[in-house]
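Note that the structure is predicted; figures quoted are calculated from it, not measured. Atoms considered below: every heavy atom in the structure, side chains included; atoms not considered: hydrogens, waters and symmetry mates. Throughout, numbering of the chain's residues begins at 1 and tracks the sequence.
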Amino acid sequence: MNDQSRVAALTLDGVERRYGRGDTTVEVLNGASLELSPGQSVALIAPSGAGKSTLLHLAGLLERPDAGEVRIGGAATSTMSDDKRTALRRTDIGFVYQFHHLLPEFSALENLVLPQMIAGLPRAQAAARARELLSYLGLAQRESHRPAELSGGEQQRVAIARAVANGPRVLLADEPTGNLDPKTADHVFGTLAALVRASGLAALVATHNMDLAARMDRRVTIRDGQVSEMA
């Protein structure tokens with residue numbers, strides 16, 4: 001009998017990515033491989049220009065690799081149509097960025113309800129799920145507030161809630177605490193870690209914060225276009 005919990009949430013298998021610049025070709029990733037299990041948090045630590053954003057874009061199906069394979073929940077994505085990749089990204093992958101990117105004209109609750117409705121969930125069901133998430137993240141009293149009425153930490157917690165509203169397999173975060181002061185960053189990271197443990201999703205978090213990275217299950221870096229484990 002197949003145990004779905006044993007299927008990797010995210011697999012990058014020998015992915016390559018290169019970009020043309022004039023007459024030259026820049027090789028960013030060269031046979032990079034990485035596997036994340038459900039419920040596992042992995043810190044991605046590498047200097048600027050090493051390929052962190054490219055790796056996240058490939059993992060999030062925002063770009064296609066030049067070679068290799070990206071699997072989400074065991075499903076190969078390289079030969080999927082753009083429509084299928086978009087549908088998979090909408091249901092199975094959540095994104096959190098350094099800036100929250102919340103819709104300014106909508107409340108915290110509405111920012112969570114909209115992506116669920118786009119995915120096909122009835123409004124009442126989406127609102128119930130949104131309220132549950134906001135309450136879990138300590139934002140029950142802030143659901144009617146628009147982003148401008150929230151603190152930086154509250155905005156980012158709403159962004160995290162929005163990223164997991166559709167129950168994804170994989171959460172990808174690019175410097176999610178980069179704009180926050182240390183105390184707020186610690187609180188936001190604690191929220192993120194708690195969600196990963198509670199929901200069983202896999203999280204790949206690009207960060208320069210070594211203190212936060214040390215609290216994650218694994219730490220990886222990019223060297224010479226390949227992913228390697230850190231101590």
Side-chain angles (χ1 to χ4, degrees), residues 9-36 40-70 72 77 85 89 93-102 152-153 155-160 162-163 168 170-193 196 201-231:
L10 168 68
T11 304
L12 280 74
D13 187 5
V15 297
E16 299 178 12
R17 192 72 175 103
R18 59 190 71 92
Y19 302 97
R21 289 183 184 170
D23 296 330
T24 63
T25 299
V26 178
E27 211 163 60
V28 180
L29 297 175
N30 182 21
S33 296
L34 177 66
E35 184 172 288
L36 272 71
Q40 188 175 61
S41 59
V42 178
L44 175 59
I45 307 159
S48 298
K52 291 196 306 294
S53 294
T54 298
L55 189 76
L56 288 172
H57 288 169
L58 292 175
L61 309 185
L62 296 171
E63 296 182 29
R64 292 180 186 266
D66 295 304
E69 185 62 84
V70 178
I72 305 295
T77 63
R85 285 165 62 89
R89 190 165 59 243
I93 304 171
F95 296 90
V96 182
Y97 299 99
Q98 186 169 350
F99 186 70
H100 58 76
H101 294 298
L102 297 171
Q155 291 169 347
Q156 201 64 329
R157 278 186 284 157
V158 173
I160 291 170
R162 179 183 59 184
V170 180
L171 180 66
L172 303 173
D174 192 358
E175 296 289 348
T177 61
N179 282 332
L180 305 174
D181 65 80
K183 184 177 179 180
T184 304
D186 184 74
H187 185 55
V188 169
F189 179 83
T191 294
L192 183 61
V196 170
L201 59 78
L204 179 60
V205 182
T207 181
H208 285 107
N209 190 321
M210 297 302 292
D211 290 336
L212 298 186
R215 293 160 56 187
M216 304 184 77
D217 297 321
R218 290 164 57 201
R219 285 150 293 285
V220 300
T221 189
I222 300 173
R223 292 191 184 99
D224 300 322
Q226 298 190 350
V227 177
S228 59
E229 297 283 334
M230 300 176 68

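Although no hydrogens or angles enter the test, the distance criterion places no donor-acceptor pair under 3.5 Å between the side chain of D13 and the main chain of E69. A distance-only check finds no donor-acceptor pair linking the side chain of R18 to the backbone of D66 [under 3.5 Å]. Judged by distance alone, with hydrogens and angles left aside, the side-chain atoms of E16 form no donor-acceptor pair with the main-chain N or O of P65 at under 3.5 Å. Put simply, the side chain of E229 never gets that close to the backbone of R218: no donor and acceptor are under 3.5 Å apart.
Side-chain N/O atoms of R223 and S228 include a donor and acceptor closer than 3.5 Å.
Between L212 and A185 the shortest heavy-atom distance is CD1-O, 4.3 Å. Listed here is the closest heavy atom pair of R17 and T54: CG-CG2, 3.7 Å. In terms of heavy atoms, G225 sits closest to A32 at O-CB, 3.6 Å. Closest approach of A163 and V96 over heavy atoms only: CB-CG2, 3.6 Å. Of all heavy-atom pairs between P176 and A206, the closest is CD-O, 3.7 Å. Between G51 and V28, the shortest heavy-atom distance links the atoms CA-CG1, 3.6 Å.
In this structure, CE in M230 is found 10.0 Å from CG in L44, a value given to the nearest 0.5 Å. Taking CG of L61 as the reference point, atom OG1 of T77 lies at 5.0 Å (rounded to 0.5 Å). Atom CG of residue L55 and atom CD1 of residue I222 lie 5.0 Å apart, to the nearest 0.5 angstrom. Interatomic distance, T184 OG1 to Q155 CD, rounded to the nearest 0.5 Å: 11.0 Å. The structure places CG of L29 at 11.0 Å from CG of L34, a figure rounded to the nearest 0.5 Å. From I160, atom CD1 reaches atom CG of L171 across 7.5 Å, with rounding to the nearest 0.5 Å.
Annotation: side chain of L62 is in contact with side chain of R89 (closest heavy-atom distance under 4.5 Å). Here the side chains of H208 and K52 are in contact, with some heavy-atom distance below 4.5 Å. Proximity of V70 to T11: side-chain heavy atoms (C-beta onward) are nowhere separated by under 4.5 Å. Proximity of L12 to V227: side-chain heavy atoms (C-beta onward) are nowhere separated by under 4.5 Å. Counting heavy atoms from C-beta on, the side chains of L56 and L204 come closer than 4.5 Å. The shortest side-chain heavy-atom distance between R85 and R64 falls under the 4.5 Å cut-off. Looking only at side-chain heavy atoms (C-beta outward), N209 and F189 stay at 4.5 Å or farther from each other. Here the side chains of M216 and I45 are not in contact, with every heavy-atom distance at 4.5 Å or above.
The side chain to side chain contact (heavy atoms under 4.5 Å, CB included) test with V42 is passed by exactly one of V220, V205, D217, L10: V220.
Relative orientation of the Y97 and F95 rings is parallel, given thresholds of 30° and 60° on the angle between their planes.
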- Going through the checks in order, is the side-chain contact (heavy atoms from CB on, under 4.5 Å) test met by M210 and R219? CA-CA 10 Å; M210 297 302 292; R219 285 150 293 285; 5.6 Å; no
